[in-house]
Amino acid sequence: MSRERMVSAYEPAEVEQRWYARWLQDGLFHAEPNPDKKPFCIVLPPPNVTGALHMGHALDHTLQDVLVRRKRMQGFEALWLPGTDHAGIGTEVLVGRELLKEGIDKQDIGREAFLQRVWEWKDRYGDTIVQQMKALGNSCDWDRLRFTMDEGLQHAVRVAFVRLYEDGLIYRGERIINWCPTDRTALSDSELEHRDVEGELVTFRYPLSDGSGHVDVATTRIETMLGDTGVAVHPDDARFREVVGKTVRHPFTDADLPVVADEAVDPSFGTGAVKVTPAHDPTDFEIAERSGLPRINVLNADGTISDAAPEEFRGLDRFEARRRVKEVLRERGQIVNEEPYPHAVGHCYRCGSEVEPWLSGKQWFVAVERLTGPAKDAAADGRIRFFPERWKGPYTAWLENLRDWNISRQLWWGHRIPVWYCPNGHEFASVEDPDACVECGSGDIEQDPDVLDTWFSSQLWPFSTLGWPERTPELEYFYPTSVLVTGYEILYLWVARMIMSGLYLAEDIPFAHVLIHGLVRDERNRKMSKSLGNVIDPLEMIDKYGADAVRFSLARLAGPEQQNLPFGERDVEAARHFANKIWNAARLVLGESGEGTPQLPLDEHRGPVERWLLSRHEACRAAVDEALEDYRFDAAAQTIHRFIWSELADWGLEMEKPRLYEGEPPERAAAASVLAWVLERTLRLLHPFMPFVTEEIWQRFAVGGSIVVADWPEPHPEHRDEQAEERFAFAEDLVTAVRSFRSGHGLPPGAPLTVRVRTDGERRSVLEELNEEIRRVARIDDLQSLDGPSEPAGHARLAVRDAEVLVPLVGVIDTDVECERIRKRLEGIGADAEKAARKLDTPGFVSKAPAEVVEQQRAKLASLEEERAVLEAQLSELGC
RNA sequence: GGGCGCUUAGCUCAGGGGGAGAGCGCUUCCUUGACGCGGAAGAGGUCAGAGGUUCAAAUCCUCUAGCGCCCACCA
């Protein structure tokens with residue numbers, strides 16, 4: 001492509017579409033087991049099928065793409081395996097709601113018809129997110145796109161279930177589970193969100209049946225007293241010694257409820273006695289088991305009061321019942337105390353409803369006892385590392401306190417539990433759909449109606465997507481995967497379970513590193529939410545500013561320590577400016593260097609600016625590599641940004657212009673090729689972050705192929721050149737001092753300026769070597785070094801790194817301004833010098849501090865004194 | 001009730017024992033032959049507070065205050 005077509009503003013839209021299509025066409029993202037290369041694999045945390053890309057995805061995907069693209073360039077066989085999740089509850093609720101809009105209740109059309117609707121829905125919207133991921137530039141291997149309900153994964157889920165079942169790690173049991181009355185399904189402990197609610201602690205009175213007194217109990221859910229079957233106290237509690245063994249009378253049913261003793265009761269809480277509602281509280285359930293109390297389930301699945309309760313309350317919603325029961329008890333004079341009581345209550349992570357601890361009948365559980373130990377060990381012995389490492393503690397603690405995992409859901413959309421029952425009471429699990437009972441041969445078998453928790457299939461993701469349970473070449477080659485990238489909100493829900501199941505079923509860790517990033521928030525650091533109206537749509541940002549800009553602005557925020565990532569449109573805008581900056585720097589460089597593969601000129605042909613630039617570029621490359629090894633995307637992005645903008649463009653290009661425009665042909669060629677060489681390598685460094693603009697420019701070097709599969713820049717430690725950097729820094733400081741002087745006096749940029757510098761030999765040679773460059777960027781007409789102690793009368797004196805810079809004053813400046821400037825500077829010098837002197841005087845400093853530090857302090861003091869002398873001479877000369 | 005993290009420029013944050021930094025915002029100047037999606041020069045901070053360790057503390061330790069997050073079956 002010729003440079004005539006490089007117009008001055010970079011327009012991403014067309015470029016991005018063109019290159020993405022091309023990359024797909026050339027199969028650059030496809031990975032295959034390859035014995036000649038080392039594997040690198042990331043499995044994408046599968047977004048929900050019904051979902052649309054939001055900022056959280058955009059961040060998550062950008063980080064993964066940066067890692068994958070870099071590894072691919074480093075010569076790894078890099079696989080980024082994409083897919084989507086069926087998201088049981090979320091999707092079922094969504095489709096159910098759509099049906100309701102058509103006036104259809106899912107119960108009326110039945111399971112099969114409903115599922116058909118969900119599949120239609122999935123087929124219609126299921127690839128929305130895939131299209132959006134492509135717009136972001138994600139380099140996934142789309143040939144390997146998976147879905148948690150596709151055939152292979154259905155099989156994997158069945159095999160996993162049956163193996164766990166046969167090993168005794170999956171069982172069916174009846175106990176209190178978390179019930180969402182809105183979604184009408186059980187939830188695991190991890191699917192609850194604890195939120196504080198303004199509750200009320202109500203104490204009410206149970207009279208003893210024999211009339212000899214009463215027992216007071218406190219509760220926040222007084223409606224559950226409808227299902228009370230006893231009262232419990234601590235066995236050692238002397239206050240209740242007399243009443244244990246007696247009964248209290250239920251005010252509505254007149255039933256006699258035993259007072260029992262149980263260790264689970266905390267005597268110091270409330271009255272020391274607790275009502276026992278076995279069907280609605282896990283602790284009460286256990287107390288009832290121990291004491292043989294009956295269970296009365298007073299709630300229906302939808303959260304209304306059931307027919308097991310006294311008639312006057314039946315059918316009331318649970319919250320309405322809470323008010324009614326209290327009212328009636330109050331009328332009867334049995335309320336002893338009411339007080340506000342803020343406390344944490346579990347809420348459904350999908351719909352936000354208050355979750356009820358409820359006895360729902362038999363549920364399926366995974367026994368975790370044998371799974372948690374190995375999962376803990378994997379983190380403890382470093383086979384799995386967390387970034388940041390502080391997540392290891394919470395992970396371990398979670399495993400230590402883990403209770404059995406309820407995996408059955410009372411839904412239709414999901415993996416049906418592969419267990420069948422026959423009329424003769426047999427129960428068996430099977431990978432294939434059976435025709436008859438395996439025990440008695442009865443053909444009259446029925447499958448369990450429930451489906452599995454979505455996370456049951458998700459936990460298999462790192463290996464099920466690679467072909468497990470078959471020992472496929474992919475599984476052998478890519479498993480364990482390299483790194484899992486996700487937000488901390490699913491650390492327990494998903495990450496920990498992948499580790500447990502991976503170790504048990506696939507017999508190895510699922511991934512070596514877990515990278516946990518923060519949450520994208522709005523620019524004021526508030527959560528993005530529809531109700532706040534502060535949601536930023538990544539697609540809108542891509543349309544407006546380009547995918548590169550979106551990616552870069554996100555990567556720039558993401559360090560492993562950040563929990564919150566404040567993000568605003570202005571960040572994307574800034575990133576677009578950056579893309580434009582690169583584009584224009586490239587226009588300059590390419591315009592001078594021509595096309596073709598850049599070749600570095602021999603060392604002796606490199607000028608001082610080129611040596612400086614090569615040295616700075618190597619420093620940048622090293623810093624980027626180091627940052628990315630530690631997943632410090634923020635540091636890596638900022639390093640490249642600073643190098644390109646401040647070093648390459650602001651100084652490098654500006655200082656090279658004399659050689660480029662007016663140099664002798666060999667110098668010109670040398671300058672142009674160093675610039676091209678540095679630019680080309682910098683594009684490769686930046687490519688994982690901004691794949692499109694880098695490809696578009698990189699193509700003009702006619703290296704051949706695509707930057708997607710170009711080599712990652714190799715180290716060139718020999719380019720580090722401290723002397724060149726030191727010399728350049730002097731030139732930089734000199735330029736800045738002169739510019740500042742000019743600006744401070746309001747001198748027009750074009751005003752002629754003569755500058756004389758009195759300094760040592762090394763710096764004099766810098767003045768000679770970079771004379772033209774310094775004059776150009778500082779707009780100096782005449783720049784020379786000064787010999788001997790000549791009379792500086794009539795000059796302004798600037799101190800630059802121990803050099804004395806003289807600028808003629810005559811008719812040039814405002815004396816008052818200059819005096820003020822000098823006075824201000826002298827104040828600063830005074831303060832600094834005093835500080836340095838005091839430090840040197842402090843007892844112990846010279847003897848205890850490292851010689852280097854002492855020397856540094858002395859040099860600083862000397863330099864300040866020198867500058868002070870220069871400025872004081874100036875001050876008296878000006879007569880102010 | 002436990003645990004973790006944060007408090008540095010107007011905003012968002014980096015730094016991590018020896019000269020207070022970046023981006024954005026702000027002020028002033030500049031159509032210099034890549035870029036006004038640009039360039040240059042500036043203003044702006046007792047690094048939350050108190051104590052301690054040290055020759056030296058924004059940095060390490062202790063405590064205090066405020067904020068945030070995670071975990072938890074005290075009804």
Side-chain angles (χ1 to χ4, degrees), chain A residues 6 8-10 176 189 194 201 203 217-221 224 232 264-266 268-271 273-277 281-286 341 343-344 346 357 388 390-391 393-394 397-398 401 403 488-489 491-492 519 523-525 545 549 556-557 559 561-568 570-571 573-592 634-635 638 641-642 646 649-650 653-654 657 661 735-736 739-744 746-750 776-779 832 835-836 839-840 842-850 852-854 856-857 860:
Chain A
M6 287 191 79
S8 67
Y10 173 63
I176 300 285
D189 296 339
H194 289 276
L201 187 66
T203 308
V217 293
T219 177
T220 53
R221 291 153 70 220
T224 62
V265 180
D266 176 0
S268 67
F269 185 87
T271 62
V274 61
K275 62 194 266 311
V276 180
T277 318
D281 183 279
T283 310
D284 293 4
F285 182 84
E286 286 164 20
Y341 192 73
H343 61 131
R390 68 184 144 80
W391 282 109
W398 184 80
N401 298 314
R403 296 188 295 164
Y488 58 81
E489 73 276 11
L491 177 62
Y492 309 126
L519 257 36
E523 53 194 337
R524 286 158 57 190
N525 209 0
Y545 303 104
R556 202 177 182 179
L557 296 174
E561 299 296 332
Q562 268 57 47
Q563 283 208 27
N564 297 317
L565 310 173
F567 178 84
R570 60 180 60 190
D571 295 315
E573 201 181 347
R576 179 185 61 174
H577 293 173
F578 179 50
N580 194 57
K581 186 73 179 179
I582 300 161
W583 179 254
N584 279 293
R587 285 209 307 149
L588 171 63
V589 172
L590 286 159
E592 297 303 323
D634 54 349
Q638 284 190 51
H641 183 272
R642 183 174 305 188
S646 309
D650 288 348
L653 295 181
E654 292 307 320
K657 279 177 181 174
Y661 296 150
V735 168
T736 304
R739 283 169 171 168
S740 178
F741 176 80
R742 197 196 294 270
S743 161
L747 298 181
R776 183 187 176 97
V777 299
R779 314 200 78 190
D832 287 354
K835 230 168 101 180
K839 201 161 200 179
L840 283 162
T842 309
F845 176 72
V846 175
S847 55
K848 291 190 180 174
E852 209 180 277
V853 175
V854 175
Q856 192 188 325
Q857 245 359 268
K860 182 178 160 189

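Here is how names work: the chains are called A, B, and so on, in the same order as the sequence lines, proteins then strands, and each is numbered from 1. Just so you know, these numbers use all the heavy atoms, side chains as well, and skip hydrogens, waters and symmetry mates.
For a distance-only test at 3.5 Å, the side chain of A:E592 fails to qualify as a donor-acceptor partner of the base of B:rA34.
Among the protein residues, A:L653 comes within range of the nucleic acid bases, having at least one heavy atom under 4.0 Å from a base atom. Residue contacts shown for A:R570 are limited to sugar-phosphate atoms, with no base heavy atom under 4.0 Å away. Contacts of A:E573 with the nucleic acid, taken as non-hydrogen atoms under 4.0 Å apart, are absent. Heavy atoms of A:D284 sit nowhere under 4.0 angstrom from any nucleic acid atom. Looking at heavy-atom distances under 4.0 Å, A:A586 makes no contact with the nucleic acid at all. Within the nucleic acid shown, A:R742 has no heavy atom closer than 4.0 Å to any nucleic acid atom. Within the nucleic acid shown, A:A585 comes within 4.0 Å of at least one base atom, counting heavy atoms only.
In this structure, A:L590 atom CG and B:rA34 atom C1' are separated by 10 Å, rounded to whole Å. Residue A:N584 contributes atom CG, which lies 14 Å from atom C1' of B:rG33 at whole-angstrom precision. For A:R739 and B:rA41, the CZ to C1' distance is 9 Å, given to the nearest whole Å. The interatomic distance linking A:L491 (CG) with B:rC69 (P) rounds to 17 Å, in whole Å. Rounded to a whole Å, the NZ atom of A:K657 is 11 Å from the P atom of B:rG39. Across the protein-nucleic acid pair, A:R642 atom CZ and B:rC24 atom P stand 11 Å apart, rounded to whole Å. Atom CG of A:L747 is separated from atom P of B:rC30 by 13 Å (rounded to the nearest Å). When rounded to the nearest whole Å, the span between CG of A:N580 and C1' of B:rG38 equals 9 Å.
Of all non-hydrogen atoms in A:N564 and A:P566, the two that sit nearest each other are O-CD, 3.4 Å. Nearest approach of A:K275 to A:D284, heavy atoms of both residues: O-OD2, 3.3 Å. Contact record, A:A549 with A:A575: O-CB, 3.3 Å, taken as the closest heavy-atom pair. Across all non-hydrogen atoms, the minimal contact from A:R742 to A:P748 is NH1-O, 3.5 Å.
Taking only side-chain nitrogens and oxygens, A:Y661 comes nearer than 4.0 Å to OP1 or OP2 of B:rA34. Residue A:K835 places none of its side-chain N or O atoms closer than 4.0 Å to OP1 or OP2 of B:rG18. At least one side-chain nitrogen or oxygen of A:K581 sits closer than 4.0 Å to the OP1 or OP2 atom of B:rG39. Using a 4.0 Å cut-off, no side-chain N or O of A:H577 falls inside it from OP1 or OP2 of B:rC35.
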**Complete:** Letter by letter from the 5' end, nucleotides 51-60 of chain B scores (B base, S sugar-phosphate only, - none; protein heavy atoms under 4.0 Å) ----B-----
**Fill in**
Given protein heavy atoms under 4.0 Å, the one-letter contact record of nucleotides 70-75 of chain B, with B base, S sugar-phosphate only and - none, is simply SSBBBB
**Fill in**
Heavy-atom contacts, protein to nucleotides 5-13 of chain B, under 4.0 Å, summarised as B (base), S (sugar-phosphate only) or - (none) per nt, yield -------SS
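The shortest distance between side-chain heavy atoms of A:L840 and A:V854 falls below 4.5 Å. Proximity of A:V846 to A:Q857: side-chain heavy atoms (C-beta onward) are nowhere separated by under 4.5 Å. A 4.5 Å side-chain heavy-atom check between A:L588 and A:K657 finds at least one atom pair inside the cut-off.
Nearest-nucleotide assignment on RNA chain B puts the 5′-proximal partner with A:Q638, out of A:L588 and A:Q638. Where A:V735 and A:H641 meet RNA chain B, the nucleotide closest to each residue was compared, and A:H641 sits on the side nearer the 5' end.
Classified by interplanar angle (parallel below 30°, tilted 30° to 60°, perpendicular above 60°), the ring pair A:F269/A:Y341 is perpendicular.
Using Watson-Crick or G-U wobble geometry with both donor-acceptor distances under 3.5 Å, B:rG19 finds no partner in any strand shown.
Separation of the C1' atoms belonging to B:rG49 and B:rC74 is 36 Å when rounded to the nearest angstrom. Going from the P atom of B:rC71 to that of B:rC63 covers 26 Å, rounded to whole Å. As rounded to the nearest Å, B:rA43 and B:rC55 have C1' atoms that lie 36 Å from one another. Using atom P as the reference point in both B:rU12 and B:rC69, the two lie 16 Å apart (nearest Å).
Between the A:R739 side chain and the A:V777 main chain, a donor and an acceptor come within less than 3.5 Å of each other. A donor-acceptor distance shorter than 3.5 angstrom exists from the side chain of A:N584 to the backbone of A:S8, with no hydrogens or angles considered.
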**Request:** Dump the intermediate steps for side-chain contact (heavy atoms from CB on, under 4.5 Å) on A:L653 and A:E592, then the final yes or no.
**Result:** CA-CA 11 Å; A:L653 295 181; A:E592 297 303 323; over 6 Å; no
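Here A:R556 does not pair with A:D571 in a salt bridge; the nearest charged N to carboxylate O distance is not below 4.0 Å.
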